[in-house]
Amino acid sequence: MANLSFLHRYEPGTAPGRRPLLLLHGTGGDETDLLPVGRLVAPGAPLLSPRGQVLEHGMPRFFRRLSEGVFDEADVRRRALDLAAFVQEAKSAYGIESPVAVGFSNGANIAAALLMLQPEILAGAALLRAMAPLSNPPDVDLSGKPVLMLSGNLDPIVPPASASALAGQLERAGATLRLQTVPGGHGLTQTDLALTQRWLDDTPDVPV
Ligand code: MLT
């Protein structure tokens, strides 16, 4: 592993032409968590998987929160820029293109913040159980940027209003949004994996 600004795992691609995935774990996860998900949803794609640099009672996250669902937005902004810088480092260290983010929970929220703050870093994003990380995101042009949002109809953590606020922000910014509610709670299910795989297969590569 190259010595970059985030602890991470990198798995080189084995299938030529597959977009790299940026795998972003949920609270309490680490850089190994989503590797099996990445291998499943995009077989043969290069996988880049950093560990969040914030610790909440020992649990890694990608940004600070004040309480559950209440985010420290100044920290969200700062950490999104740090993550963007890491992705740039990884692109040159490993010779990869801009990745598609696959983020779960806190990882989905930082991926949404990246889209709003540094859109050129990502070729697209699958946001699994995401909330709106910024109450007032800057004006950003996400024209044609493919985004998948999967919400659970029984999710006790993501308030439906926050998921719809994020969907509205993405749509107003021009993203090509596929939004689906799946049966289930906050945890990922086989349905999430199948839908993410299908979306990645359906999504043409966009130049970034
Ligand atoms: C967050 O803090 O980003 C969300 O509440 C999801 C989570 O619990 O990580």
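Read the numbers this way: they start at 1 and go in the same order the structure lists the ligands and their atoms.
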Which protein non-hydrogen atom lies closest to [atom], naming both residue and atom, and how far is it?
atom: atom 9 (O) of ligand 1; result: Thr27 OG1, 2.5 Å
atom: atom 7 (C) of ligand 1; result: Ser105 OG, 3.2 Å
atom: atom 8 (O) of ligand 1; result: Arg65 NH1, 3.1 Å
atom: atom 4 (C) of ligand 1; result: Asn109 ND2, 3.5 Å

> For Phe71, which residues count as a ring-ring contact (aromatic ring centres under 6.0 Å, His included) partner, sequence neighbours excluded?
Replying inline: Phe63
Any Lys/Arg nitrogen of [X] or [Y] sitting under 4.0 Å from an Asp/Glu carboxylate oxygen of the other?
X: Glu11; Y: Arg39; answer: yes
X: Asp82; Y: Arg77; answer: no
X: Arg19; Y: Glu97; answer: yes

> If you measure from CD on Glu73 to CZ on Arg65, what distance do you get to the nearest 0.5 Å?
Replying inline: 14.5 Å
>> Can you tell me how far apart CG (Leu128) and OG1 (Thr196) are? Round to the nearest 0.5 Å.
In response: 4.5 Å
> Quick one: does Arg129 get a heavy atom under 4.0 Å from ligand 1?
Replying inline: no
> What do you reckon, does Phe62 put a non-hydrogen atom under 4.0 Å from ligand 1?
Replying inline: no
> Between Asn106 and ligand 1, which part of the residue brings a heavy atom under 4.0 Å of the ligand: side chain, backbone, both or neither?
Replying inline: both
> Quick one: which ligand 1 atoms are inside 4.0 Å of a heavy atom on Phe63?
Replying inline: 3 (O)
